[in-house]
Undergrad: 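A single structure is presented below for examination.
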Amino acid sequence: MSRLSPDNEELARTIIGRYPRSRSALIPLLHVAQEQEGWVSRDAMAHIAELLGITPAEVLGTCSFYGMFKLEPVGRYVVGVCTNISCLLLGGEELLEHCEARLGVKAGATTDDGMFTLEDVECIAACTDAPCLQVNYRYFLNITHDQVDALFDDLRAGRRTDEVPVHGTLTRVRQHVAPERWSGHGAEGLPLPPGQAR
Amino acid sequence: MAEQTEQATKTTVTVVLDGREIEANPGELVIAAAERNGVYIPRFCYHPRMRPVGMCRMCIVEIDSGRGPALQPSCMLPVAEGMKVDTQSALTKKAQDGVLEFLLINHPLDCPVCDKGGECPLQDQTLAFGPGETRFVEEKRHFEKPIPISELVYLDRERCVLCDRCTRFAKEVAGDPLISFIDRGNHTQVNTFPDDPFSSYFSGNTVQLCPVGALLARPYRFRARPWDLDQVESTCTACAFGCRVALQSSANRLVRKLGVDVDPVNQGWTCDKGRFDFEAVNSDDRLGTPLVRSTAGPVNGNGGSPVDLAPTSWSEAWDRVIEGIGRARLRPGPESIAVLGGARLTNEDAYAWSKLARSVLATDSVDAQLGDGLPAEVVVGLPRASIDAACAAETVLLLAPDLKEELPVLYLRLRQAVVDGGLNLVEVSPVATGMTPYATVSVRYRPGEAAEVVRALVSGDGGVGAGGQSDAMRRAGELLRKGSLVCVLGRPSLAERAQPIAAAAAAVLDALPATTFLSALRRANVHGALDMGLAPGILPGRVSLDEGRRWFAEAWPAVPASRGLDAEGIIAAAAEGRVACLILLGADPLADFPDRSLARRALAGAGFVIAVDSFLTASSRRADVVLPAATYGEKGGTTTNIEGRVSRLHQKITAPGTARPDWMIAAELAWRLGGDLGFGSEDEVWDEIERLAPSHHGLTRARLASAEGFDGLLAGGVAEVGDHDAPPTMSGADAPGIQGPLGHTKDDSLATTGMGHDVHPDPQAGAEPAGAPAGVARAEAAAGAGGSGYADGDTPGEVERDADAVERSVEAEGSGRSGAFRPSGGGGDRGSTPQRPSPLRWSLVEPPPSPPPLDRYSLRLVSARKLYDDGTLVQNSPSLVPLAPGARIRVNPADLSPLGVVAGSKLQVSSSQGRVVLEAAPDPAVPQGSAVVAFNQPGPGAADLIDSTQPVTEVRIETLSGASGPTP
Ligand code: SF4
Ligand code: SF4
Ligand code: FES
Ligand code: FES
């Protein structure tokens, strides 16, 4: 539970400066907060409200609308198992049950060691390769129970970090967009995502 | 040919509504056009005073806009030529049925324990348009049953239909978006941010707006069932804005106050103080019997306590009163008897006391204000603007205290005019206010220096002003000269005298003579009281004593020969022992006079004190006799708001014990003193006012009671601003909500939720010079009518006619006890009939005192009121008591840091009048060199510091350990 760090506050001000109306910066700032702590805390929301001149209730309203903003701490790896129709027909539900058994938590919960948060998600638009899941929004398609076990073991052991960065939404944004095409992020002086060289 | 012309000039849109052609206004929404034409389309989210959002889909009907019929939300679609709307088709009905079935899926149906049951749009519309049964058998969603979202409002999320009315209101209308939709989809709920309550001054409106029982008012919860309620329509007098309200009672207790939509005034809204202050009327501490000071007790003023006041009968109380007044009458001089207060009375009460004081008590030392407003001549004598005119002006100059705190719904109106209408707001104030975020330009002046700053502003001399504000000054000056200008004028701070504000107003009028003024005095009916002559040198009808003497001498037994003292003068005289009898009319100078130590000495020094009050206040506790007065909701009559709008009050309950209306007390006192005020009912008082008070001439009871008077009528010939954004007219017939006797001749109903609005009279119909901008009407009035300044003119013929009427009425009543008017020239020994006197026009006579040179060791005090304070209303309304924030001293951190003071630490604050210990609140919004202490909060505070004889009060602060500052 903390406010934005001084660095991030500065980043926030830079981002706010890019918009004609400061409140347009709300979602980018929520990303900054989530990157800082892995989730968006009350203090961070109150701080963002202050920076934007809106009320914390308005920040919470927006933040809670989007499932990808976490209002509680989550694990290092957020595992989303699709149980929508195509995946359901091809074993999505069994896949989720397997994950629950393997991680020892129900969907929606986080393992005691803080490594994994398991989620039951709607269609992630990879129906052609059902059943599928995502870890920190990286896709694992046509996945078998054995592959799931191996994936969890690897992540727990600190392997495959190049493939799956730690939780933090901005990380994903930065990983797939060449720095020169980032929407302002990564411009001079802005921090780079973990594991990224300029 | 004729047809062609008609076609070319056609300004309406023809729509086929259920097979019948109707004319709609361009841009009008289908739902509104249908309603105006008698067809009620069910709805939940649509509200005519807020932007449509199309949230609930209840209003979908089959509409053919030329591409074939389709279901469309009628609250989102403007009318178009040739559009066909079918609200009765099978498809429409199936859709309505379906929407209601969906809405009920998650609705708990706990109607038997829901406050809304019986007046609930969801119940009513389900019955009228919904399915008989649900097919939903699964588990409904669950939330913790009502959670408090503020001190006043509970939220039951299970009942919420997510219509977005409360959240839209909070954001769009109140500007306090402290509630929001949280989460998404099936989980969506209305809520606040954790631990950040919905502490808006307007939160109660959401309870009234909510179309289900999801939002509940703590003071009303489980108190009554709607079908047991009885109601009348009335006007709120918690402040001087005059919101129109419905007063509802059950078993002779007021249980609820609801806002009624009156276009030129409150547009349906109220503030929470106005909404919940009825608790004070029901208070067990109300006075129901006269009290007299027991002879054994300490003499008046010296530590008198309630124990010393013993209940008694009216006759014994009267004996004491007559004896006290009799003794005072032996003392020569105009100061022997003085009357303070009257701003909480009705117009009729105020007139009766004004007449009593002048013609029976023979004193002109009367003042409805308590030294906490502006000189009465300024309020009465400046050219006036209506609220609508202020909202429609190009620029408003705000030279007033914080409107959000003192006239909350005026704040809403101006805020809306800024946000939606592009009004330019120039704020000139000593510190930031609730209005500051909406000001186009804010100029800060150092306390005491308002006149200099305003003079520089209007003269375009940008150089002056507190600390390097030349840019703001220049922009403000430009805006003031840009077009129509309305100045909202009040007393920004009680710690500086009123004269500089008056001088500032004079400067504005001097430089920009077309400026009109809207008063920002806050106390209940203070404007009515001043209009009725409860101010020295002013007679009823906004005329000066000298100007009106002849006219009133015809009708009244006597008129004082010379001007009396105002509140400051009375209090100063009493403190010196020169007032033999002091009458307090619902006035509590110990709480409200800016300088408490002087007020204390005045009450101690006054020979005999009579208090006419509904409560024992700090001041009435020190009286020798206390006469119990009926209060709000217990009497009829009329009240006058800030713009001079006279509107009707209605009685709903009976007063406790033998408490009675103030006018009755005045009439009886006159009679016991051997005089006769000449009226036996409120109506008779009003008739006399209408006959005699020039500014109220023509405001007959018949007009006030007619449809035209629904919104109240502006006194003094001020014109209504015609087409101010009138809401769609709505039929009451189909509107859910309580229908009840309103004591109104118009066929109207009150909707408790705004589902179906009360019927609106056509804003144009019958209004005084309708549609004419205030300025034009005023100019015409001044040009014609022999310069009387009143739009309705006073031709000699008319005066003659009126004089005849006076004579006739005297003849008619001559034999009775009343004998209202002595016939003019009845014995033939007088000259010609006097002319109806012309209105007082104020112009500056004495220059304001100049503030002392800046002293870098002291801070200049700024003190104004908060909405919730230590006043009688709030302190006797249990729900409001916890909301008074308490007195703290707000100082710029730069002035505090040399003392090493942090937020929350205690500071000793001293002035020439006294010293108090207050909690420090560093606040960068307070300019350096100033200190802000809210007025009249519980406990010691600003009144213990203010020196009312100084142009501005200066204070020094030191830590309790002795460090003082600010240091050089
Ligand atoms: S609480 Fe009432 S007003 Fe607010 S969204 Fe729910 S139903 Fe509408
Ligand atoms: S703004 Fe004034 S008149 Fe309106 S409800 Fe509040 S106190 Fe009453
Ligand atoms: S259903 Fe699983 S990805 Fe679409
Ligand atoms: S969608 Fe039209 S009233 Fe709600």
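Proteins come first, then strands; the chains are lettered A, B, ... in the order of their sequence lines, and each starts at number 1.
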Undergrad: Considering heavy atoms only, which positions within residues 174-198 of chain B lie below 4.5 Å of chain A?
TA: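 So far as heavy atoms go, B:Pro177, B:Leu178, B:Ile179, B:Ser180, B:Phe181, B:Ile182, B:Asp183, B:Arg184, B:Thr192, B:Phe193, B:Pro194, B:Asp195, B:Asp196 are the residues that approach chain A to under 4.5 Å.
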Undergrad: Are more than 12 heavy atoms, taken from residues, nucleotides or ligands other than A:Asp149, located less than 6.0 Å from that residue's CG atom?
TA: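 Correct, the count exceeds 12.
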Undergrad: Check this for me: A:Glu93, atom CD, are more than 12 non-hydrogen atoms of other residues, nucleotides or ligands nearer than 6.0 Å?
TA: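 For A:Glu93, atom CD is not crowded (no more than 12 foreign heavy atoms under 6.0 Å).
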Undergrad: Can you confirm whether B:Phe143 is buried at CZ, in the sense that more than 12 heavy atoms of other residues, nucleotides or ligands lie under 6.0 Å from that atom?
TA: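 Above 12, so yes.
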Undergrad: For the CD atom on A:Glu97, are there more than 12 heavy atoms of other groups (residues, nucleotides or ligands in this structure) within a distance under 6.0 Å?
TA: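 Yes, the 6.0 Å shell around CD holds more than 12 heavy atoms from other groups.
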Undergrad: For atom CZ of B:Arg415, decide whether the heavy atoms of other residues, nucleotides or ligands shown that lie under 6.0 angstrom number more than 12.
TA: yes
